[in-house]
Asks: 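Before I ask anything, let me first share the structure, which is written out below as structure tokens.
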2 protein chains.
Amino acid sequence: MFTIGKASEQSGVNIETIRYYEREGIVPKPGRSPGGRRLYSTDEIAKLRFVRRCRNLGFPILIIQTFLSLTIEDDRSCGEVKALAENHLDEINAKIENLTRLREALLGLSANCDDGTATCPMLDALMKDGFYA
Amino acid sequence: MFTIGKASEQSGVNIETIRYYEREGIVPKPGRSPGGRRLYSTDEIAKLRFVRRCRNLGFPILIIQTFLSLTIEDDRSCGEVKALAENHLDEINAKIENLTRLREALLGLSANCDDGTATCPMLDALMKDGFYA
DNA sequence: GTTTGCTCCTGTAGCCACTACAGGAATTAG
DNA sequence: CTAATTCCTGTAGTGGCTACAGGAGCAAAC
């Protein structure tokens, strides 16, 4: 059994974040030492690591909770997981597209910016009517 | 002069958001009607539209406030604007790279998912030690 | 055995940029 | 004149943490 500091080290999840996950019911409450300290088993630490990896993949907490319940149910999990992952993939692709369009717009706007001018063509363009959305 | 509803329509900024911008000092406080309603000039509406466009470009509020003060100062603005825009561009590019790497990881993980399996290879991989960060 | 220093505890508030009420007042349309 | 609409203020909630404050447990050095 490990105290929260070790659990944090081994899982890569910040101590405060671990406590937050517990408060929110994202991970189950761990046992306590006689002195009142949280004690984590390797299984519980694995679960924390799982949450971190999912977060790193950009999954929102709600989806991760579904994942966790699916790993318990163990039944027709894979289809649901795949669907959630593909949904998430679509969102990621949409974000990439948005950002790419944004980059183009920004490049176009700042292209005419040259240092030393009195009024800035980029700010001008953003202020004027009839331009850009 | 326009009430907040018309200002919202014409600027594309949500009514609640306009009041929020005012509270936060992002845009100056407008005049009021005898009955206490906010009244916006076309100039003030243009400013709101400017803020919205910048937000659409992904600029954080703090940077937009700098932009707004630069349009007032009107002095050596363009160099600063360009620097801020390029900085922002770098951040956008970093985000795109991150999301692209994420997409690859997710594609790799969900590739082995096929419906109907009892245990999911994706969840398995995320649970196991030795894998992925 | 006590002092030092580390880790841990709870509870609360802050971050960003909004959004969503509740409960009431003013304006406008019919 | 009434009904519908718009507006007002103030507060609280969103997601996913992060950062305290103020105190208690615990191990090792002296």
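Below, read A as the first sequence line, B as the second, and so on, with proteins coming before strands; counting in each chain starts at 1. Predicted model, so just to flag it, every value in this text is computed and none were measured.
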Asks: Under 4.0 Å from OP1 or OP2 of D:dC8: is there any side-chain N or O of B:Arg38 that close?
Replies: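 Yes, such a contact exists.
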Asks: Could you tell me which non-hydrogen atom of B:Ile96 sits nearest to which non-hydrogen atom of A:Ile96, and how far apart they are?
Replies: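 Heavy atoms only, the tightest pair is CG2-CG2, 4.4 Å.
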Asks: Whole angstrom is fine here: how far is it from CG in B:Leu48 over to C1' in C:dC18?
Replies: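 That distance rounds to 15 Å.
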Asks: Closest approach of B:Leu68 and A:Met127, non-hydrogen atoms and distance?
Replies: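 Closest heavy-atom pair between B:Leu68 and A:Met127: CD2-CE, 4.1 Å.
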Asks: Can you see which heavy atom on A:Ile92 is nearest to which on B:Arg103, and at what distance?
Replies: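 Here A:Ile92 and B:Arg103 meet closest at CG2-CB, 4.2 Å.
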Asks: B:Lys6 has an atom NZ; how far is it from atom C1' of C:dT28, in whole Å?
Replies: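 Distance, rounded to whole Å: 11 Å.
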Asks: Can you list every pair that meets side-chain hydrogen bond (donor to acceptor under 3.5 Å, both in side chains) and has a residue in residues 9-31 of chain A, with sequence neighbours left out?
Replies: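 Qualifying pairs: A:Glu22-A:Arg38.
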Asks: For A:Ser33 and A:Asn14, find the nucleotide of DNA chain D closest to each by heavy atoms; which residue's nucleotide sits nearer the 5' end?
Replies: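 Going by which nucleotide is closer to the 5' end, it is A:Asn14.
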Asks: Give one of base, sugar-phosphate or nothing for B:Arg19, where a contact means two heavy atoms less than 4.0 Å apart.
Replies: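 It contacts base atoms.
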Asks: In whole angstrom, give the distance that lies between atom CD1 of B:Ile63 and atom C1' of C:dA17.
Replies: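 Nearest whole value for this atom pair: 15 Å.
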Asks: Do B:Ile45 and B:Leu39 belong to the same hydrophobic cluster, where Ile, Leu, Val, Met, Phe, Trp and Tyr are linked whenever their side-chain heavy atoms lie under 4.5 Å apart, directly or via other members?
Replies: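 B:Ile45 does not cluster with B:Leu39.
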Asks: Tell me which pairs pass ring pair (Phe, Tyr, Trp, His ring centres under 6.0 Å) where either residue lies in residues 42-62 of chain B, with sequence neighbours left out.
Replies: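 Checked against ring pair (Phe, Tyr, Trp, His ring centres under 6.0 Å) - neighbours excluded - the pairs reaching residues 42-62 of chain B are B:Phe59-B:Phe67, B:Phe59-B:His88.
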Asks: Would you confirm whether B:Ser110, through its side chain, and B:Leu106, through its main-chain N or O, come within 3.5 Å as a donor-acceptor pair?
Replies: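 Yes, B:Ser110 side chain to B:Leu106 backbone: donor-acceptor pair under 3.5 Å.
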Asks: Measure OH/B:Tyr40 against P/D:dT6 and give the value in whole Å, please.
Replies: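 Whole-Å distance recorded here is 16 Å.
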Asks: Once you round it to whole Å, what is the distance between C1' of D:dA24 and CZ of A:Arg32?
Replies: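 In whole Å, D:dA24 C1' and A:Arg32 CZ are 13 Å from each other.
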Asks: Taking a hydrophobic cluster as the set of Ile, Leu, Val, Met, Phe, Trp and Tyr residues connected by side-chain heavy atoms closer than 4.5 Å, whether directly or through intermediates, do A:Met1 and A:Ile18 fall within one such cluster?
Replies: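 No, no single cluster joins them.
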Asks: Linking directly or through intermediates, with side-chain heavy atoms under 4.5 Å: list the remaining ILVMFWY members grouped with B:Leu62, chain and number order.
Replies: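 Via sub-4.5 Å side-chain contacts, B:Leu62 links to none.
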Asks: Using the 3.5 Å cut-off, write out each protein N or O paired with an N or O of nucleotides 3-7 of chain C and the distance between them.
Replies:
unit_1: C:dT7; atom_1: O2; unit_2: A:Arg37; atom_2: NH2; d: 2.9

Asks: Going by number, which of residues 90-101 of chain B have a non-hydrogen atom under 4.0 Å from DNA chain D?
Replies: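 The answer is none.
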Asks: Within this structure, what is the CG-to-C1' distance between B:Leu39 and C:dA26, rounded to whole angstrom?
Replies: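 Computing the B:Leu39:CG to C:dA26:C1' distance gives 13 Å.
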Asks: How many whole angstroms separate atom CE of A:Met1 from atom P of C:dC8?
Replies: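 Going from CE in A:Met1 over to P in C:dC8 covers 15 Å.
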Asks: Tabulate atom names and distances for all N/O pairs under 3.5 angstrom spanning the protein and nucleotides 15-17 of chain D.
Replies:
unit_1: D:dC17; atom_1: OP2; unit_2: A:Tyr21; atom_2: OH; d: 2.8
unit_1: D:dC17; atom_1: OP2; unit_2: A:Arg55; atom_2: NE; d: 2.8

Asks: Where do A:Ala125 and B:Arg53 come nearest, in terms of heavy atoms and distance?
Replies: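 For A:Ala125 and B:Arg53, the tightest heavy-atom pair comes out as O-NH1, 3.9 Å.
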Asks: Taking the side chain as everything from C-beta on, heavy atoms only, tell me whether A:Asn87 gets closer than 4.5 Å to A:Ile63.
Replies: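 No - every pair of side-chain heavy atoms lies 4.5 Å or more apart.
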